[in-house]
Amino acid sequence: MAQTTTGLRMGAGVAAAAVALGVVQLTAAFFSPAADARTAVGTAVINATPGPVKEWAIQTFGTADKLFLSVAVIAVVAVLAATAAIWERSRIPVGTIAFLLAAIAGSVAVLARPGARPVDIIPTLLGAVCGIVVLRLLTSGRIAEGRATPATDAAGVDPGRRLSLATLGFVALGVLGGVAGTVISRRLHSVSGDRDSFALPSAAPPSPVPSNVTPAGVQLPSFITPNGDFYRIDTALSVPQLSRADFRLRIHGMVDRELTYTFDDLKKFEPIEKVVTLTCVSNPVGGDLISNATWTGYRVRDLLRDAGIHSDADMVLSTSVDGFTAGTPVEALTDGRDAMLAIGMNGVPLPVEHGYPARLVVPGLYGYVSATKWVVDLELTRFDKVQAYWSKLGWSERGPIKTESRIDVPRDGQKVGKGPAAFGGVAWAQNRGVKAVEVRIDDGPWQPAQLGAAYSNDTWRLWSFPWTATQTGTHSITVRATDNTGAVQTEDQAPPAPDGATGWHSVSFEVV
Ligand SMILES: Nc1nc2c(c(=O)[nH]1)N[C@H]1C(S)=C(S)[C@@H](COP(=O)(O)O)O[C@H]1N2
Ligand SMILES: [Mo]
């Protein structure tokens, strides 16, 4: 009979899963953000993914890694549901059991979210129940064998076809529910209105960016990265929506006095503005996980002053509203580098995906040990007592940014005409500053590149290299930087894990 064919059963499983996910998504919109089981499960998957696989995902998909994960999770769910549905029988309801197990796993994942309450599992349970109902309906044979109305018979719709249509209908319902849920939850929880109504405090502007930070004659990344082009890396499957009214920053642990700041409380501190280049430890040699912005905010040092830090505390464990943690040396947060609680980026409130309403920005340290977005908690503690998110996964506890440089022009394989050419790129060594950049063509001697003006030790430096192409064929260009301590960028190749990639960036191009 039609309803027993494997294909129809697999379809039934997929339809049931679609309905279950759609119902979860739709109902979760009316609960706290923790109730979003898709995000909860995805986050659990991210947390359980071995470090090297995460690394691969970040490097392969970059900012699109989350999209990849969502698609992968949906694909896995569909395959599992289809498989389980094949074995759904009235005596041994394998499919039903699979849905129940999924509901339990989903509930556990939901309850593991920061701020989750027991009621937040209701959408997950409801979704599972609806999924089971659909699964049983489609696999029971009731639709295929049910009494056909004269109209359908007249139209010549055979039972198998009727079942297929029902299956498609349920898939469509599930998708609709999912889309509606996403839209409604955006409406209900979005902080974009809160952000739009926020006027940044006016801070003493940083020293102006002179036009000669950019060498002439070559197309380089702009010295200040526009917000829309700024790289983005985080473990947040759905961007946390934390309003200024709900924001609290708690300071506790090895302190004399615990403090909690509301967003309004921050007004009592002196606002500052600072240009700082952020870099991700996952950036491979030649990669683009580095950007530069003008940040507005407050000195972390000022925020910590009244707490009375114990002298044996050596780490600040910062936590975001979605549970990410970073461990930063107390010294880096309190010394003269002016580590910031940033609330503005390039003259506007922080974009939500970059940490609205507040995040940390610490010059000289990779983001994973310092740049906590949506930050809500600073705990004074010790490196020998706790490990932060990435350190638990084997990444180095300390993450000073390494001296590195990148070639932006030419691109790999680019064709270059005979005659004069202009190459260029960026170099960085935050907190130390870039002193020199050298370039080598093929196996030739190292030659000094022309440098854009140094803005500060905490920002990258743009460089260019005029060259005259005389010989056609394949050539290579290699770059290396020297920082203000005199240290020359090492040639030794190291992967990003555990503490940042090293090696010289080299690009080959064709002279034609
Ligand atoms: N809440 C939260 N903050 C986070 C992360 C995260 O996963 N969650 N990732 C960190 C990492 S690894 C980097 S490199 C920087 C990137 O900041 P950006 O996305 O604003 O460029 O954010 C840091 N702050
Ligand atoms: Mo990162």
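Remember, it's 1-based here, ligands and their atoms both numbered in the order they're listed.
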Legend entry - Atom CZ of Arg248 with >12 non-hydrogen neighbours under 6.0 angstrom: yes
Inset, instruction - Decide if atom CD of Glu331 counts as having more than 12 heavy atoms of other residues, nucleotides or ligands within a radius under 6.0 Å. - result: no
For residues 222-230, dump all side-chain donor-acceptor pairs below 3.5 Å to protein atoms at least two apart in sequence or in another chain.
from   : atom 1 : to     : atom 2 : distance (Å)
Ser222 : OG     : Ile224 : O      : 2.6
Thr225 : OG1    : Asn292 : N      : 2.8
Thr225 : OG1    : Asn292 : O      : 3.2
Asn227 : OD1    : Asn346 : ND2    : 2.8
Asn227 : ND2    : Met345 : O      : 3.1

Inset, instruction - Indicate yes or no for a side-chain donor-acceptor contact from Tyr366 to the backbone of Lys402 under 3.5 Å, with no hydrogens or angles considered. - result: yes
Inset, instruction - To the nearest 0.5 angstrom, please state how far the CG atom of Asp265 sits from the CG atom of Leu259. - result: 10.0 Å
Inset, instruction - Look up atom CG in Asp306 and atom CD1 in Ile251, then write down how far apart they are to the nearest 0.5 Å. - result: 9.0 Å
Legend entry - Contact residues of ligand 1 (heavy atom under 4.0 Å), by chain and number: Phe230, Tyr231, Arg232, Ile233, Asp234, Thr235, Cys280, Ser320, Asp322, Phe324, His354, Arg359, Gly367, Tyr368, Ala371, Thr372, Lys373, Trp374
